[in-house]
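Quick notes on the structure that follows.
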Amino acid sequence: MIQHDQGAFDETILEVLGLENSATSAGPVYDSHCLPFAFPSEEGNEMIALYAMCWWNEVERLAGKPGKRRSRMVGFVDPRRADINHVVGFRGTDVPALLYHFAGRSKEWDEMLAKFGIPRRHTADCAKVFRVVDEAAGQRACVPGNAGVEDLFGHCPPDLTVC
């Protein structure tokens, strides 16, 4: 599947929302039509953008628009309140987020830890990790959302923001 386990996770969200709707007769069901995009094409190309666009359209159809999603089984966080899954890519860690997600296949653990000021040898010591986190929190204000999140609610469709 795409992005290792990410495709399976994303598809599970759609399946659960569809099952919830069918069990309560509250709304539309999910017929797994995004699933083919979660696998490589015959040529071996991943169709991440197609899957992302399908997923965004389906989750909106099943649970509502970003910031107003409703489900009794899946907890959604309004991204304007907290960017809990900021993917560290070309935007780096300069964009404020509650959580930074180092996504992708080429994770360089020592480089990631260096961005946060802690060597790998200290990650097994919770007291040292907490000190680093507390020090960083004292230097940087926690703010909701970011420019990418604002695009979700402005002029840019979510799938284009993701891609």
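Just so you know, these numbers use all the heavy atoms, side chains as well, and skip hydrogens, waters and symmetry mates.
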Task: Nearest-0.5 Å distance that lies between atom OG1 in T123 and atom NZ in K128 - done: 10.5 Å
- [ ] Sort out for me which residue in V59, L19, L35, V74 forms a side-chain contact (heavy atoms from CB on, under 4.5 Å) with L14.
- [x] V59
- [ ] Could you tell me whether the side chain of R61 and the main chain of V29 form a donor-acceptor pair under 3.5 Å?
- [x] yes
TODO: Please round to the nearest 0.5 Å and tell me the distance separating atom CD of E20 and atom CE of M73.
DONE: 6.0 Å
Open item on the list: Any side-chain to backbone donor/acceptor pair from N57 onto M53? Under 3.5 Å, distance only.
Closed with: yes
Open item on the list: With a 3.5 Å distance limit and no angle check, can you tell me whether W55 reaches the backbone of D10 through a side-chain donor-acceptor pair?
Closed with: yes
Task: Close side-chain approach of P28 to L62, heavy-atom, < 4.5 Å - done: yes
TODO: List the atom of M47, the atom of P36, and the distance in Å for their closest heavy-atom pair.
DONE: CE-O, 3.8 Å
TODO: For R70 and A63, indicate whether the former's side chain and the latter's backbone hold a donor-acceptor pair under 3.5 Å.
DONE: no
- [ ] List the steps, then state whether side chain to side chain contact (heavy atoms under 4.5 Å, CB included) holds for L17 with Y30.
- [x] CA-CA 8 Å; L17 292 171; Y30 177 60; over 6 Å; no
- [ ] Could you check if a side-chain atom of W56 sits within less than 4.5 angstrom of a side-chain atom of P66, using non-hydrogen atoms only?
- [x] yes
TODO: Rounded to the nearest 0.5 Å, what's the gap from CD1 on I13 to CD on E58? Could you check?
DONE: 14.0 Å
- [ ] State, without any angle test, whether Y51 and E11 hold a side-chain donor-acceptor pair at a distance under 3.5 Å.
- [x] yes
Open item on the list: Keeping E15 on the side-chain end and S32 on the backbone end, is there a donor-acceptor pair under 3.5 Å?
Closed with: no
Task: For the student: nearest non-hydrogen atoms of H122 and V129, plus distance - done: O-CG2, 3.8 Å
Open item on the list: What's the separation between atom CZ in R131 and atom CD1 in I118, rounded to the nearest 0.5 Å?
Closed with: 9.0 Å
